[in-house]
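I have placed the structure first, in the form of structure tokens, so that the comments after it can refer back to it.
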Amino acid sequence: MKKFLSIENLTILGIILGILVGIYIPELALNLKILGDIFLNLLKMIVIPLIFVSIFVSISTLSSANDFKDLGIKAFLYYLATTTIAVITGLLVANIFPFSISDINLSSNSVDIKKLTFESFINNLIPSNIFESFAEGKSIHVIIFSILLAIAVLYIKQEKKQLIVNLFDGLNDAFLLIAKWIIYLSPIGVFALISSIVAEKGIKVIIDLWQYVLIVLIGIIWHFAVNLGLIAYLVGKVNPVEYFNKVKEAILVAFSTCSSSATLPVSLEVAEKEAKIPKKVAGFVLPLGATINMDGTALYEAVAALFIAHVFGIELSLLQQIIVVITSTLASIGAAAIPSAGLITMTLVFSSVGLPLEGIALIVAVDRFLDMFRTSTNVWGDLIGAKVISRFIK
Ligand code: ASP
């Protein structure tokens, strides 16, 4: 009985009940939304402090700057390889099952589409005021600052170094404990989030865009189960099903919050405590991965590009599809780890191959639904990354 009532099972129950209540008693769902907001706020409250200290602890417990280089290069190679595989999977699925929709109402939705340029993307990487970055929750800035600080600390006098490392290490444990307390609330939080989303959006929109939804889902599920499963098995030398069972709470929270960043406290907790991944690997690979490694997002952006090309009757050549692979990968790196971020960076992909940006308005209705699946895949990719990389770090 106790095993059955585990937090993971209760969270699954929360998702199922959330869908039912969202469909059949939408007024109740909307009234309970506040519970979901509280849960989400608690996760967001802890995430920036956690990113700051966990990256610091991870790097400062490495024995030298060279070890950091080693960890960084391996993590980066993993992110790049898996994201590229994800995009190619998306393009293959969309080419194998070509779209055949022709009667979409182009004026059905409107979105405020701002174009993202490559320059602003690069420029935005460097923080000019770190306190502002903390206050605004800009995780990439916090990561960069934390890496710099940790490398600097590697070079200062041993006794001072030890003092700072101990302080951060203690904070890290305390923050993870807070994360654990928040996880106890996840069945209720997840229930409230899912039911209010279903109540707000309805499920009819999914039916209207079923072909697009189906192809994104086939691609995402394939990448989640087959590609990442094989990578876990062959490279990480771990049984993916067993590993999934250890970390599934993070996947469920990702599914319901649609935010890799809000899920990070949970991912760190399960990776370190359940899957026993060393702190120095999990503490670096997970926060960085939550911010830049988004397989699900990249795959979805590529399929969206092909879908919009189809709707507007534009034929994408092989070269253009290769450009889609590159820009979708970049766009997923640039996407913030928050709900619907992928929709914004998608402008980068569209403009690289001359697709009309208004096309985004067509798919916005199902974005939140697909976000659940792509965020789960993003987080699963990070967690497998932590496992794989821990095998290759001394
Ligand atoms: N919601 C996604 C995440 O946080 C990003 C996106 O694809 O919109 O991982």
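Counting convention: from 1, in listed order, for ligands and their atoms alike. The first residue of the sequence shown is numbered 1, and numbering continues consecutively from there. Every heavy atom of this structure was used, including side-chain atoms; hydrogens, water molecules and symmetry mates were not.
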Output the set of protein residues with a heavy-atom contact under 4.0 Å to ligand 1, ordered first by chain identifier and then by residue number. C258, S259, S260, M294, T297, A336, A337, I338, P339, S340, A341, G342, D371, R374, T375, N378
Would F373 and F224 satisfy ring pair (Phe, Tyr, Trp, His ring centres under 6.0 Å), going step by step from the backbone distance to the final call? CA-CA 9 Å; F373 292 88; F224 191 110; 9.5 Å; no
What is the ring orientation for [X] with [Y], classed by angle as parallel under 30°, tilted 30 to 60°, or perpendicular over 60°?
X	Y	answer
Y79	F76	perpendicular
Y300	Y212	tilted
F244	W380	perpendicular

Establish, from distance only, whether the side-chain atoms of S340 and D367 form a donor-acceptor pair under 3.5 Å. yes
Suppose we call two aromatic rings close when their centres sit under 6.0 Å apart. Are F52 and F168 close by that rule? yes
